[in-house]
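Values reported hereafter were calculated over all heavy atoms of this structure, with side chains retained and with hydrogens, waters and symmetry mates removed.
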Amino acid sequence: MDRYDIRGLAAGAVGAATFLYWQNNGIHTTEYVYRDKALPQEFKGFKIVQISDFHNTKLLIDKTAVLAQTQKPDIIAITGDLFDCRHTDIDAGLALVDKLVKIAPVYYVRGNHEARMPATDSLTDAIARKGVNVIENRKVTLEKGESSITLVGMADPRFIADDKHTEKVRSIFRNRLFSLTEGDGSFKVLLSHRPEFIHTYRDSGVNLALTGHAHGGQFGVPFTDYGVFVPNQGIFPPYAAGIKKLDNTTVVISRGIGNSAFPFRLFNRPEVVVIKFE
C-alpha cells in the first residue's frame with residue numbers, strides 16, 4: 001500500500017468519524033403544526049417544546065436549552081428518560097432543568113430509565129423543588145383567555161411492574177388513564193413516555209399525545225420516520241418517530257436526544273420537537 005492509499009484511508013476514516021459525530025450531536029429542531037377542530041380558538045398559536053430521552057447527555061445541555069429558548073414556547077414538556085439508569089449523571093439532567101425552568105413552565109413525566117433508578121423518588125422531588133411540574137397520573141388545566149385545555153400526565157408502565165407489557169400491567173395503565181379522562185370533555189394533551197400504547201390513548205379520548213422512548217429506531221431509514229429496531233416493537237417498528245394518527249388521536253413520537261444501551265445513532269439525529277397549535 002503506497003502513501004496515497006494510506007492518505008485516502010485516513011481521509012475516509014476522518015470523514016466517517018465526523019459524520020457519525022454529527023449524527024449523534026447535531027441536534028436540531030423538528031417543527032409540527034397541529035390542527036384540530038376541537039381545539040379552543042384562543043389556543044391558536046400556542047406552542048409546546050417537547051424534550052424526550054435526554055439520557056443525561058452533558059454535551060448537549062446548552063444546545064438543547066438554546067433551541068428551546070429560541071422557540072419562545074408557552075410550555076416545555078419533558079416526556080421521560082431525562083436520566084439514564086446505566087450511566088447516570090444526575091448533575092447533567094439537573095443542569096438542563098435549571099436552564100429550562102427559566103424559559104417557560106416545565107411539565108415532566110418519568111420514563112422507564114427513571115423507574116429503574118433506586119433514588120428516583122428523591123430525585124423527582126429535587127426536580128419539583130426546582131420548579132418543574134411533575135404531573136404523573138394526574139392532570140392540570142392550562143388556561144388562555146376564557147378557554148382552557150387539560151394536560152394529562154402518565155408515569156411509565158415500568159413503575160407498575162418490571163414486566164411492563166403483561167396484560168395486567170396494560171390494564172392498570174389503561175384504568176389509570178381512563179380515570180383521568182373519563183367524563184372530561186375538554187381538549188386533552190397527554191404526556192406519556194411510550195408511543196406503542198397509541199390504542200389506549202385513542203380509547204381514552206386523548207386528542208394529542210406527546211411520547212418518546214423509541215429513539216427513532218436508533219438507526220433511521222433515510223428521509224423517512226421509520227427506524228430499524230425499537231424494544232417492545234421489534235424490527236422496523238410502526239411507532240419509531242414522527243406523527244401518527246389513529247382516528248381522532250394524534251401521537252407525536254420524539255426521536256429523543258441521548259443514547260442508552262446502544263451508544264450511537266445513524267440517519268437519526270437528536271431533536272427538540274416543537275408543536276404549534278393552529
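- The distance from atom CZ of Arg138 to atom CD1 of Ile135, rounded to the nearest 0.5 Å, is 6.5 Å.
- To the nearest 0.5 Å, atom CG of residue Asn232 and atom OH of residue Tyr239 are 14.0 Å apart.
- Tyr108 contributes atom OH, which lies 4.5 Å from atom CD1 of Ile127 (distance to the nearest 0.5 angstrom).
- A heavy-atom distance below 4.5 Å is not found between the side chains of Val109 and Met154.
- At least one donor-acceptor pair closer than 3.5 Å links the side chain of Ser122 to the backbone N or O of Ala119.
- The minimum heavy-atom distance linking Phe173 with Pro157 is given by the pair CD1-CG, 3.8 Å.
- The only member of Leu82, Thr79, Ile76, Val106 that meets side chain to side chain contact (heavy atoms under 4.5 Å, CB included) when paired with Ile51 is Ile76.
- Minimum interatomic distance between Ile253 and Ala214 (heavy atoms only, all atoms of both residues): CG2-CB, 4.4 Å.
- Here the side chains of Arg269 and Ile27 are not in contact, with every heavy-atom distance at 4.5 Å or above.
- In this structure, CG on Asp91 lies 6.0 Å from CG on Asp89, to the nearest 0.5 angstrom.
- With Ser254 contributing its side chain and Gly212 its backbone, the two residues share no donor-acceptor pair below 3.5 Å.
- Between Leu60 and Pro270, the shortest heavy-atom distance links the atoms CD1-CG, 4.3 Å.
- Counting heavy atoms from C-beta on, the side chains of Arg129 and Asp125 come closer than 4.5 Å.
- Without hydrogens or angle criteria, Gln218 side chain to Val230 main chain gives no donor-acceptor distance under 3.5 Å.
- Side-chain contact check for Tyr34 versus Val252: every heavy-atom pair is 4.5 Å or farther apart.
- Looking only at side-chain heavy atoms (C-beta outward), Arg265 and Arg255 come within less than 4.5 Å of each other.
- Between Ala68 and Leu100, the shortest heavy-atom distance links the atoms CB-CD2, 4.1 Å.
- In the hydrophobic clustering of ILVMFWY residues, with side-chain heavy atoms under 4.5 Å counting as a link, Val228 and Leu20 come out together.
- Counting non-hydrogen atoms of other residues, nucleotides and ligands closer than 6.0 Å to NZ of Lys245 gives a total above 12.
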- Message: Checking Asp62 against Lys99 for the salt bridge (Lys or Arg N to Asp or Glu O under 4.0 Å) test, could you report, in this order, the C-alpha distance in whole Å, the side-chain angles of both residues, the deciding distance, and whether it holds?
- Response: CA-CA 8 Å; Asp62 290 337; Lys99 292 179 181 293; 3.3 Å; yes

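- Transitive grouping of hydrophobic side chains (ILVMFWY, heavy atoms separated by less than 4.5 Å) brings Leu96 and Leu94 into a common cluster.
- Expressed to the nearest 0.5 Å, how far CD of Gln50 lies from OG1 of Thr211 amounts to 6.5 Å.
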- Task: Apply the test side-chain hydrogen bond (donor to acceptor under 3.5 Å, both in side chains) to residues Asn112 and His213: give CA-CA distance (whole Å), side-chain angles for both, the deciding distance (0.1 Å), then the verdict.
- Result: CA-CA 8 Å; Asn112 58 297; His213 184 60; 3.2 Å; yes

- Query: Could you go step by step and tell me if Ser148 and Thr141 meet the side-chain hydrogen bond (donor to acceptor under 3.5 Å, both in side chains) rule?
  - Reply: CA-CA 6 Å; Ser148 65; Thr141 300; 5.7 Å; no

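- In this structure, Asn56 contributes its side chain and Thr88 its backbone to no donor-acceptor pair below 3.5 Å.
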- Message: Is there a side-chain hydrogen bond (donor to acceptor under 3.5 Å, both in side chains) between Ser192 and Tyr201? Walk through the geometry before answering.
- Response: CA-CA 9 Å; Ser192 186; Tyr201 305 152; 2.8 Å; yes

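- One finds a salt bridge joining Glu136 and Arg110 here, because a Lys/Arg side-chain nitrogen approaches an Asp/Glu carboxylate oxygen to under 4.0 Å.
- Using modelled atom types, no side-chain atom of Lys144 and backbone atom of Phe43 make a donor-acceptor pair closer than 3.5 Å.
- Remark: Asp81 CG to Ile257 CD1 distance equals 11.5 Å, nearest 0.5 Å.
- Side-chain contact of Asn268 with His215: a donor-acceptor pair under 3.5 Å is absent, judged by distance alone.
- Both Val152 and Val251 are assigned to one and the same hydrophobic cluster, defined by single-linkage of ILVMFWY side chains at heavy-atom distances under 4.5 Å.
- Checking side-chain atoms of Glu196 against main-chain N and O of Gln233 turns up no donor-acceptor pair under 3.5 Å.
- Distance alone, capped at 3.5 Å, places no donor-acceptor pair between the Arg194 side chain and the Phe197 backbone.
- Under a hydrophobic-cluster definition in which Ile, Leu, Val, Met, Phe, Trp and Tyr are linked whenever side-chain heavy atoms come within less than 4.5 Å, directly or via other members, Ile103 and Val272 are assigned to the same cluster.
- Shown here is Asp184, whose CG atom has more than 12 heavy atoms of other residues, nucleotides or ligands within 6.0 Å.
- Ring centroid separation for the pair Phe264 and Tyr21 does not come in under the 6.0 Å cut-off.
- The main-chain N or O of Arg86 is found under 3.5 Å from a side-chain atom of Asp84 such that the two form a donor-acceptor pair.
- The shortest side-chain heavy-atom distance between Asn24 and Asn259 falls under the 4.5 Å cut-off.
- Side-chain contact check for Ile75 versus Leu151: some heavy-atom pair is nearer than 4.5 Å.
- Closest approach of Ala240 and Gly217 over heavy atoms only: CB-N, 4.0 Å.
- With hydrogens and angles disregarded, no donor-acceptor distance shorter than 3.5 Å links the side chain of His28 to the backbone of Glu271.
- A cation-pi arrangement is present between Lys244 and Tyr226 under the rule of less than 6.0 angstrom and at most 45 degrees off the ring axis.
- Using a 4.5 Å heavy-atom cutoff, the side chains of Gln71 and Glu31 are in contact.
- Of the options Arg116, His55, Glu114, His113, a side chain to side chain contact (heavy atoms under 4.5 Å, CB included) to Phe83 is made by Glu114 and by none of the others.
- Cluster membership for Leu180 and Leu208, using ILVMFWY side-chain heavy atoms within less than 4.5 angstrom, is not shared.
- Between the side chain of Asn207 and the main chain of Val189, no donor-acceptor pair closer than 3.5 Å is present.
- Ring geometry, Phe277 versus Phe187: the interplanar angle exceeds 60°, so the pair is classed perpendicular (tilted spans 30 to 60°).
- Considering all non-hydrogen atoms of both residues, Gly205 and Lys188 come closest at O-CE, 3.2 Å.
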